Amino acid sequence: MGIAWKGETTRLLNCQLGNLVPLLLSVGLCVSGRQVVFMGDDTWKDLFPGAFSKAFFFSSFNVKDLHTVDNGILEHLYPTMDSGEWDVLIAHFLGVDHCGHKHGPHHPEMAKKLTQMDQVIQGLVERLENDTLLVVAGDHGMTVNGDHGGDSELEVSAALFLYSPTPLFPSAPPEEPEAIPQVSLVPTLALLLGLPIPFGNIGEVMTELFSGGEDSQPDSSALAQASALHINAQQVSRFLHTYSAATQDLQVKELHRLQNLFSKASADYQRLLQSPNEAEATLQTVITELQQFLRGARAICIESWARFSLVRMAGGAALLAATCFLCLLASQWATSPAFSFRPLLLMPVAWALAGATLYAGLLTTTSLKLDLVVLGAVAAVASLLPFLWKAWGSCRSKKPLPTLISIPGPVLLLLLIRLATFFSDSFVVAEARATPFLLGSLILLLVVQRHWEGQLLVPKLLTIPRLGSSTLTGPPRHSGGYALRLGIGLLLCTRLAGLFHRCPEETPACHSSPWLSPLASMVGGRAKNLWYGACVGALVALLVAVRLWLRHYGNLKSPEPPVLFVRWGLPLMALGTAAYWALVSGADEAPPRLRALVAGASLVLPRAVVGLAAAGLMLLLWKPVTVLVKAGTGTPRTRTVLTPFSGPPTSQADLDYVVPQIYRHMQEEFRGRLERTKSQGPLTVAAYQLGSVYSAAMVTALTVLAFPLLLLHAERISLVFLLLFLQSFLLLHLLAAGIPITTPGPFAVPWQAVSAWALMATQTFYSTGHQPVFPAIHWHAAFVGFPEGHGSSTWLPALLVGANTFASHLLFAAVGCPLLLLWPFLCESQGPRKRRQPPGSEAKGRVRPEEEEEEEEEEEEEEEEPLMEMRLRGAPHHFNAALLQLGLKYLFVFGIQILACALAASILRRHLMVWKVFAPKFIFEAIGFIVSSVGLLLGIALVMRVDGAVSSWFKKLVLAQQR
Amino acid sequence: MKDTDIKTLLYAHFLCIFSVILSVLIPSFFMEDFSILDTHLTWLCFCSLFVTSINLVLYLVPKPNASSKRSSLSHKVTRFLKCCVYFFVSCFFFHVIFVLYGAPLIELVLETFLFAVILSTFTTVPCLCLLGPNLKAWLRVFSKNGVTSIWENSLQITTISSFVGAWLGAFPIPLDWERPWQVWPISCTLGATFGYVAGLVISPLWIYWNRKQLTYKNN
């Protein structure tokens with residue numbers, strides 16, 4: 001019987017009323033030498049395949065079904081018991097649990113179910129033999145509603161019933177039995193079965209079960225208890241030793257105390273064994289000491305493992321919320337004309353440094369340990385202080401809050417829905433499907449809203465006051481069909497990209513897309529070749545699309561190095577990528593002579609592509625202005641009055657004076673050109689492609705970046721990248737279709753644009769085969785270009801895997817985001833006069849003084865058509881403001897996402913799924929946010945760089961004009 | 001606009017709601033194991049049929065729009081055929097939209113299509129009855145300040161609420177409550193139905209509430 005643990009032929013009968021007992025399972029695992037029979041919930045089948053000598057599984061899927069599992073068990077339970085072919089018999093009844101969920105604890109059905117369970121236990125008790133222990137355990141209780149999963153007292157306490165025909169306890173069981181931690185079942189059952197206690201166990205054996213029954217001597221029973229405890233303590237001590245050697249998170253002092261306690265108790269126990277005639281008092285001391293040790297060990301582990309610092313959680317959430325709020329606030333401030341940019345950077349840094357120093361100084365004076373996390377938090381709070389002060393000031397003075405929240409209602413609702421989904425584990429698991437749904441809703445909402453407001457029927461440019469009078473003759477530009485076609489195209493792209501999905505583990509019915517695996521894993525030459533052709537086709541299509549786009553805006557004519565790179569470097573990169581794919585996917589089929597060559601090439605090719613990409617980016621940063629100036633024809637024209645000038649402009653005043661002159665000059669040139677027929681002579685200063693100088697640089701950078709990222713993915717993801725480019729192109733067009741940009745006032749990127757962009761970043765994260773869980777990370781990305789591994793270096797593989805995982809965040813935020821601001825300008829020029837003008841001849845002028853490098857954002861001008869120039873000339877401030885606002889809005893949308901994730905993970909910290917769903921989601925979201933913000937800064941820096949280059953280009957033009 | 005108009009509208013809407021209720025009750029008289037969830041497709045057909053017929057009766061018999069001056073038979077027939085074509089086109093259009101939104105392409109194709117049919121019944125059929133096969137009028141009604149009568153106003157409200165209901169119906173699908181209605185088209189069809197009914201209830205009330213502000217150009 002189980003009780004007499006001296007006899008090793010223990011039999012165990014285990015009835016469970018409830019869900020799984022994960023802790024008991026370790027017993028199930030280690031009983032491999034025994035005959036384990038299982039009946040009940042079929043979840044065990046997947047958890048322990050092949051662990052049972054005999055098993056009767058019944059479907060537990062339907063929560064409403066109270067009887068299938070239980071009746072199935074009852075059918076087999078007694079025959080199996082009587083047959084005697086078992087050492088451990090596990091019967092997992094599920095009816096009570098399902099009944100609790102369905103009806104709650106106070107329902108007649110529950111009474112029936114409980115009566116049935118009573119009868120089962122009675123029947124078992126009648127059939128028990130003397131060497132058998134019946135264990136009836138539930139692994140959780142239920143709330144008054146019958147549910148569970150939380151950490152309330154009702155949910156975490158359950159009954160434990162032990163019975164054997166042989167008396168178990170030396171005396172009658174107490175009226176109010178003590179509560180036993182669930183972890184203690186494992187060592188107890190293991191020892192009763194005569195098995196070693198599992199290594200990771202921190203439970204404590206139930207000593208009463210080892211007393212040896214009522215007939216034994218008190219002494220010997222105490223000795224048996226001490227022996228069991230000693231075995232248990234040895235195991236726990238070994239575990240503590242190994243664990244504390246591997247990690248540092250256990251308290252050293254307490255650990256020492258426990259070790260001392262254990263050695264003392266061990267020594268006492270050894271002494272006791274050598275001289276068994278010692279007094280009973282010593283025995284009792286040993287037992288007490290061992291129990292103290294075990295409880296202390298459990299306490300120290302629990303404290304270390306289940307430690308949630310509520311203060312830090314709340315502090316972090318408050319900090320995040322404050323930052324998000326300030327992002328919103330600052331994005332509103334940025335539009336006000338009196339907004340100055342310089343304090344925006346300097347003040348927070350200064351405050352943060354001051355705060356951090358103050359805190360560090362305070363700690364050193366009080367000689368406390370410096371916690372880097374707290375230090376960072378203090379610095380962050382300090383950096384927020386000036387903004388909060390300003391917000392408080394403006395709030396007190398006049399500004400009402402509603403004007404601050406400028407998000408339109410439907411978009412706000414969509415954002416709120418998205419945030420709410422982070423609090424449900426089902427929705428986090430299903431996010432790969434929910435995000436395209438929300439994105440599609442937003443897209444259709446945009447289309448419908450355009451229609452609703454009548455923007456689709458009216459020609460857009462007619463509504464805008466114009467300086468030039470005569471250029472509009474064409475029909476309405478954006479008919480309803482145009483927007484609808486864009487919307488449907490976007491939905492189609494989203495849907496197609498959704499075909500490349502990877503299923504989360506939690507949905508067993510779902511099948512991951514087979515297209516996510518690399519081509520090398522495919523068998524069958526023909527299909528493989530076809531797929532390879534499709535992938536290369538996607539590469540070529542991407543390349544051709546980008547070149548066509550650049551040609552459309554005329555940027556391909558420029559002799560500048562970046563254009564040369566687009567002409568020759570990009571095809572070379574595509575070629576390298578295609579060759580690498582060919583080698584990798586066919587590496588096994590290569591003849592042995594060529595093995596070395598193939599290995600070498602698969603090492604060199606990715607590095608070459610990355611090198612090319614880096615060179616391309618460098619070129620782009622060096623000479624970002626892709627403009628073709630028709631020099632040589634410029635001099636004869638002297639019609640415009642340029643004030644005679646002595647020497648190059650030396651001061652701000654000079655430039656301020658000259659620049660408008662140049663503008664006016666160019667404007668007249670342009671007008672003259674429009675009036676004249678084309679056959680007339682060459683123009684004076686024809687600056688081509690200025691109209692798209694920013695976007696051309698952005699798109700080039702985007703393409704150059706996409707290639708190395710593509711290399712890190714499986715081959716077939718190239719199709720997704722193509723879709724991604726197409727999708728962003730369509731979305732930009734759709735968004736641009738509704739934005740009236742030519743008003744002289746502040747430029748602004750609407751919230752729906754930013755939200756759609758952020759949603760698309762998330763959607764692409766999923767459609768490139770990722771999931772926010774650690775097992776789904778594409779580790780193979782670390783070996784691209786490093787087929788032999790990295791040796792001891794860790795940062796490089798981490799970088800590669802990170803780039804693979806957050807490729808969409810990087811692409812969208814880094815280079816894509818400023819396009820949201822620039823695109824409406826492009827579309828406008830493309831609008832009415834596209835057909836009548838040679839493409840790309842829109843000139844675009846902007847100037848800013850170059851003398852003061854720091855004042856990057858002092859004076860800027862952004863515009864598309866020379867006709868608009870004079871009006872926009874008066875609003876130099878707005879380009880910077882719009883860029884800043886765009887960045888802040890994007891960060892806000894991502895910021896509230898992490899805020900929601902962080903809140904979900906901290907509020908639901910006792911949830912069943914916290915480590916499986918919420919915490920990984922939070923970690924991925926947080927890293928994605930970091931990548932996004934770094935990328936955003938880089939993208940804006942690129943715009944700034946183009947800006948600087950354009951102004952120096954204009955300066956040169958000024959000088960050329962003078963001579 | 002008079003209060004009697006609103007009253008007529010209210011009664012008409014009650015009839016529509018009644019038709020939805022009838023579609024639940026009547027089939028259970030002559031079908032053995034009829035229930036909304038288990039024999040969902042049958043219910044969808046019945047509901048579509050009932051709502052369509054009530055709409056036809058409501059809008060065509062008293063002729064609140066009283067538009068067609070030419071009442072030759074051939075004109076009527078072409079008009080009817082045109083309406084049918086519009087209805088089927090809208091069904092296919094909705095089907096395509098559903099698939100683009102993430103509905104499975106091949107499996108459950110009948111269910112998806114019937115969902116498209118029921119949504120068309122709630123949205124396209126009243127449009128067809130009230131405005132006729134005239135896309136321009138539709139576009140006018142569904143834009144800002146485009147409505148010219150309380151009938152068009154209520155049409156706007158019911159249509160939008162049906163769409164919103166269908167959209168909201170998609171949200172419970174990923175949840176793990178394991179309820180039988182949490183399956184692909186069922187929650188959406190139920191959502192659309194509830195949205196339609198809610199729209200029918202809300203629109204007379206809303207119009208009554210705002211009767212002072214509402215001024216229609218041609219009324």
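Worth knowing before you read on, the calculation uses all heavy atoms, side chains too, and leaves out hydrogens, waters and symmetry mates. Nothing here was measured: the structure is a model prediction, and the numbers come from that model. Below, chains carry the letters A, B, ... as their sequence lines are ordered, and counting in each starts from 1.
Minimum heavy-atom separation, Trp167(B) to Ser441(A): NE1-OG, 2.7 Å.
The shortest distance between side-chain heavy atoms of Val429(A) and Pro174(B) does not fall below 4.5 Å.
Within a 6.0 Å radius of OH in Tyr208(B), no more than 12 heavy atoms belonging to other residues, nucleotides or ligands are found. Within 6.0 Å of CZ in Phe194(B) there are 12 or fewer heavy atoms belonging to other residues, nucleotides or ligands. With a 6.0 Å radius and a threshold of 12 heavy atoms from other residues, nucleotides or ligands, Ile106(B) has its CD1 atom at or below the threshold. Annotation: Phe30(B), atom CZ; neighbour count of heavy atoms from other residues, nucleotides and ligands within 6.0 Å is above 12.
With a 4.5 Å cut-off on non-hydrogen atoms, Leu445(A) does not touch chain B at all. Using a 4.5 Å cut-off between heavy atoms, Thr421(A) makes no contact with chain B at all. Contact annotation for Val96(B): neither backbone nor side-chain heavy atoms come within less than 4.5 Å of a heavy atom of chain A.
Annotation: the span from Trp452(A) atom CH2 to Phe142(B) atom CZ amounts to 8.5 Å, rounded to 0.5 Å. Atom CZ of Phe163(B) and atom CG of Leu444(A) lie 10.0 Å apart (nearest 0.5 Å).
For the set Ile417(A), Val448(A), Asp425(A), Thr494(A), the entry with the most heavy-atom pairs within less than 4.5 Å of chain B is Ile417(A). Annotation: maximal heavy-atom pairing with chain B below 4.5 Å, among Gly440(A), Gly498(A), Ala430(A), occurs at Gly440(A). Counting heavy-atom pairs closer than 4.5 Å to chain A, the top residue among Ile173(B), Ile97(B), Leu175(B) is Leu175(B).
Between the side chain of Arg495(A) and the backbone N or O of Val99(B) there is at least one donor-acceptor pair closer than 3.5 Å.
Each of Ile443(A), Leu496(A), Leu492(A) was compared with Leu100(B) under the side-chain contact (heavy atoms from CB on, under 4.5 Å) criterion, and only Leu492(A) meets it.
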